[in-house]
Amino acid sequence: MRCFLFRINTDAEEVRNDIVSGKLRQGWGKSEMSLLKNDEIVSKEEWRDSFPKEWDCSDEYINRKYDNLKIMLDIKKDDVIIIPKFPSWDSFSVVKVADGYKFEMPKIGDDFGHYIEIDFDSLRSFKYGFDDSSTKIHSKLRAYQSPLNNVWNEEILECAKKLLEKDSSEEVQKIENIIKINFEKELKDIANSLQKVSARDLETVVEKLFLKKGYSLESRNSFDRKGGDADLILTKCLPILEEIDESKSCDKIYIQIKHKKGLYSETEGVEQLNKIVKTKEADSENTNLNNVYKVLVCSSTFSQELKEIAAKENIILIDGLQLTRLMIKYL
C-alpha cells in the first residue's frame with residue numbers, strides 16, 4: 001500500500017461532482033491527451049505534440065506537466081490518496097483507490113480527462129486539527145505542493161490509514177446531489193437501451209408521451225411525395241383562447257423520429273420537417289405560423305453541427321437522454 005497526495009481544482013464543478021461517482025480527476029487533460037495509448041505509455045514527445053496550442057505553454061512547462069501527471073500511472077488498487085482542501089478549504093479527505101489510471105472526458109467541460117477510480121464508500125473527510133492524525137497530516141501538506149505527489153513518509157501513511165477507520169467530521173456532498181449524480185448515471189444507461197428497441201416502438205412511445213400531456217393526434221406518417229415527412233402531427237388547443245379565436249387557439253407540432261445509434265449528424269430529418277411544414281401549412285387555412293413547431297427526436301445523440309443547423313431552422317431537438325427523462329416524468 002502506497003500513499004499519494006492529489007491536489008484538485010476545487011472550483012471545477014465537474015471535478016467535485018465526479019468524486020461522488022468514483023472518479024478523482026486531474027487537469028491538463030483535453031481530448032487526445034491520455035497518458036496511455038493501447039495500454040502503452042505515451043512518450044513525452046508525443047504527449048507534447050497533442051498539447052493544445054491555445055494554451056500557449058513552453059516546451060519546458062509541458063514537460064514538467066507530463067512528468068507530474070505520470071505519477072498517476074503509479075497509483076494502484078488499495079493505495080491511499082489524500083485530497084487537500086476538499087470538501088472545504090479548511091479540511092481534507094482520505095480515500096482508497098479502486099482502480100488505476102483511466103482517461104475519459106467528463107460530461108461537462110473540455111478538460112480533466114485524466115482520472116483515478118476511487119472507492120467513494122471509503123472516503124473520509126476531516127477538518128484540519130480534528131485529531132492527532134489529521135493534525136500531523138496537515139502539518140506536512142506544505143511539503144507537497146505539486147498537483148500529484150508521492151508520499152514516502154510512513155507516519156503520514158499510518159495517519160491516513162487510521163482516519164480511514166473513523167467517521168467523517170465533514171460532509172462531502174448533500175444527499176440530494178449524490179442521488180442526482182447516480183440517477184443521471186442510471187438514466188444514461190436506460191437512454192442507451194432506446195437504441196435497441198424497434199423504430200416502430202420508438203414512434204409509439206413518443207406518441208404516447210404527447211397524448212398523455214393532452215395533445216391530440218392529427219395524423220401519422222404524413223408525407224408530401226416531395227421529400228417532406230412527419231412521423232406524427234399533433235395539436236393542442238389552448239383553453240380560453242380557443243373560445244375567443246379558433247384560428248389562433250391551437251399549437252401544432254410536426255415530429256420526425258429517427259431510430260439511430262451513436263452520434264447522429266445527418267440533416268435529412270431537418271429537411272423533411274421543413275418541407276412537410278411548408279407543404280401542409282401552404283394548404284392550410286391557418287396563417288398564424290407562430291404556433292407551428294417542428295420537433296426532431298433521435299434515440300441517440302445529436303452532433304454539434306446538427307444542433308447549430310436545427311437552431312437556425314427553429315427545430316426543437318429531443319435526444320435519447322432527454323426523451324428518457326420525459327418518459328420517466330410523464331408516462
Side-chain angles (χ1 to χ4, degrees), residues 1-10 12 14-44 46-47 50 62-87 91-106 111-126 133-134 136-138 140-141 143-166 168 172-173 181-182 185:
M1 179 187 290
R2 292 180 58 186
C3 185
F4 299 84
L5 191 138
F6 199 113
R7 293 185 180 275
I8 63 172
N9 185 335
T10 55
E14 60 268 43
V15 174
R16 295 182 67 90
N17 286 345
D18 270 5
I19 287 177
V20 182
S21 58
K23 296 177 180 179
L24 185 59
R25 293 190 175 274
Q26 189 57 250
W28 306 99
K30 279 196 172 187
S31 181
E32 309 302 325
M33 292 182 69
S34 174
L35 297 174
L36 295 177
K37 187 175 183 179
N38 298 323
D39 294 326
E40 296 292 329
I41 300 175
V42 174
S43 70
K44 184 179 294 185
E46 185 178 353
W47 193 78
S50 70
I62 297 171
N63 290 341
R64 289 203 305 270
K65 285 299 173 187
Y66 174 85
D67 291 337
N68 191 239
L69 284 168
K70 271 191 69 178
I71 292 175
M72 293 182 74
L73 300 178
D74 297 330
I75 302 176
K76 308 298 181 186
K77 186 178 186 307
D78 292 329
D79 284 341
V80 177
I81 291 178
I82 299 170
I83 314 169
K85 298 183 179 180
F86 178 82
S91 65
F92 70 97
S93 296
V94 290
V95 67
K96 292 189 71 173
V97 175
D99 204 353
Y101 173 84
K102 290 181 174 57
F103 188 91
E104 178 188 73
M105 298 306 295
D111 195 356
F112 304 105
H114 311 285
Y115 74 91
I116 296 294
E117 284 193 15
I118 57 173
D119 176 10
F120 180 73
D121 290 337
S122 74
L123 189 142
R124 301 291 185 268
S125 302
F126 304 93
S133 294
S134 62
K136 287 178 182 177
I137 289 177
H138 184 213
K140 304 292 185 182
L141 293 183
Y144 303 96
Q145 291 299 314
S146 297
L148 292 149
N149 305 264
N150 283 291
V151 178
W152 303 109
N153 188 305
E154 287 293 332
E155 184 180 29
I156 293 180
L157 174 58
E158 289 305 313
C159 288
K161 288 163 65 175
K162 288 179 181 178
L163 290 173
L164 284 170
E165 301 299 322
K166 297 187 176 184
S168 296
V172 175
Q173 288 275 6
I181 291 167
N182 284 283
K185 183 179 178 182

I'd like to check [X] versus [Y] (side-chain heavy atoms, cut-off strictly below 4.5 Å). Are they in contact?
X: Asn149; Y: Ile71; answer: no
X: Ile137; Y: Phe92; answer: yes
X: Leu73; Y: Leu36; answer: yes
X: Ile82; Y: Phe6; answer: no
X: Leu123; Y: Ile19; answer: yes
X: Trp47; Y: Ile62; answer: yes
X: Val95; Y: Phe86; answer: no
X: Asp111; Y: Glu14; answer: no

Identify each donor-acceptor pair in which a side-chain atom of residues 98-105 lies under 3.5 Å from a protein atom, sequence neighbours left out, and give them as a table.
from	atom 1	to	atom 2	distance (Å)
Asp99	OD2	Lys102	NZ	2.9
Tyr101	OH	Leu35	N	2.9
Tyr101	OH	His114	ND1	2.8
Glu104	OE1	Lys23	NZ	2.6

Working note: Glu155 + Lys136, criterion salt bridge (charged side-chain N to carboxylate O under 4.0 Å, His left out); need CA distance, chi angles, decisive distance, verdict.
CA-CA 8 Å; Glu155 184 180 29; Lys136 287 178 182 177; 3.6 Å; yes
Heavy-atom closest contact ([X] atom, [Y] atom, distance):
X: Val151; Y: Phe4; answer: CG2-C, 4.0 Å
X: Asp18; Y: Pro106; answer: OD2-CB, 4.1 Å
X: Asn150; Y: Tyr144; answer: O-CE2, 3.5 Å
X: Val80; Y: Met1; answer: CG2-SD, 3.5 Å

Report the distance from atom [atom1] of [X] to atom [atom2] of [Y], rounding to the nearest 0.5 Å.
X: Ser133; Y: Glu165; atom1: OG; atom2: CD; value: 11.5 Å
X: Leu24; Y: Ile8; atom1: CG; atom2: CD1; value: 6.5 Å
X: Trp152; Y: Arg2; atom1: CH2; atom2: CZ; value: 3.5 Å
X: Ile116; Y: Lys76; atom1: CD1; atom2: NZ; value: 8.5 Å
X: Arg16; Y: Thr10; atom1: CZ; atom2: OG1; value: 6.5 Å
X: Asp119; Y: Lys77; atom1: CG; atom2: NZ; value: 8.0 Å

Is a side-chain N or O of [X] found less than 3.5 angstrom from the main chain of [Y], in a donor-acceptor match?
X: Asp79; Y: Cys3; answer: no
X: Ser125; Y: Pro87; answer: no
X: Asn68; Y: Leu148; answer: yes
X: Gln26; Y: Arg7; answer: yes

Excluding sequence neighbours, so at least two apart, what forms side-chain hydrogen bond (donor to acceptor under 3.5 Å, both in side chains) with Asp67?
Lys44
CA sep, side-chain torsions, deciding dist, call: Ile81, Val97, side-chain contact (heavy atoms from CB on, under 4.5 Å)
CA-CA 7 Å; Ile81 291 178; Val97 175; 3.7 Å; yes
Take a 6.0 Å sphere around NZ of Lys30 and say whether it holds more than 12 heavy atoms from other residues, nucleotides or ligands.
yes
Glu40 vs Lys37, salt bridge (charged side-chain N to carboxylate O under 4.0 Å, His left out): CA-CA, chis, key distance, verdict:
CA-CA 5 Å; Glu40 296 292 329; Lys37 187 175 183 179; over 6 Å; no
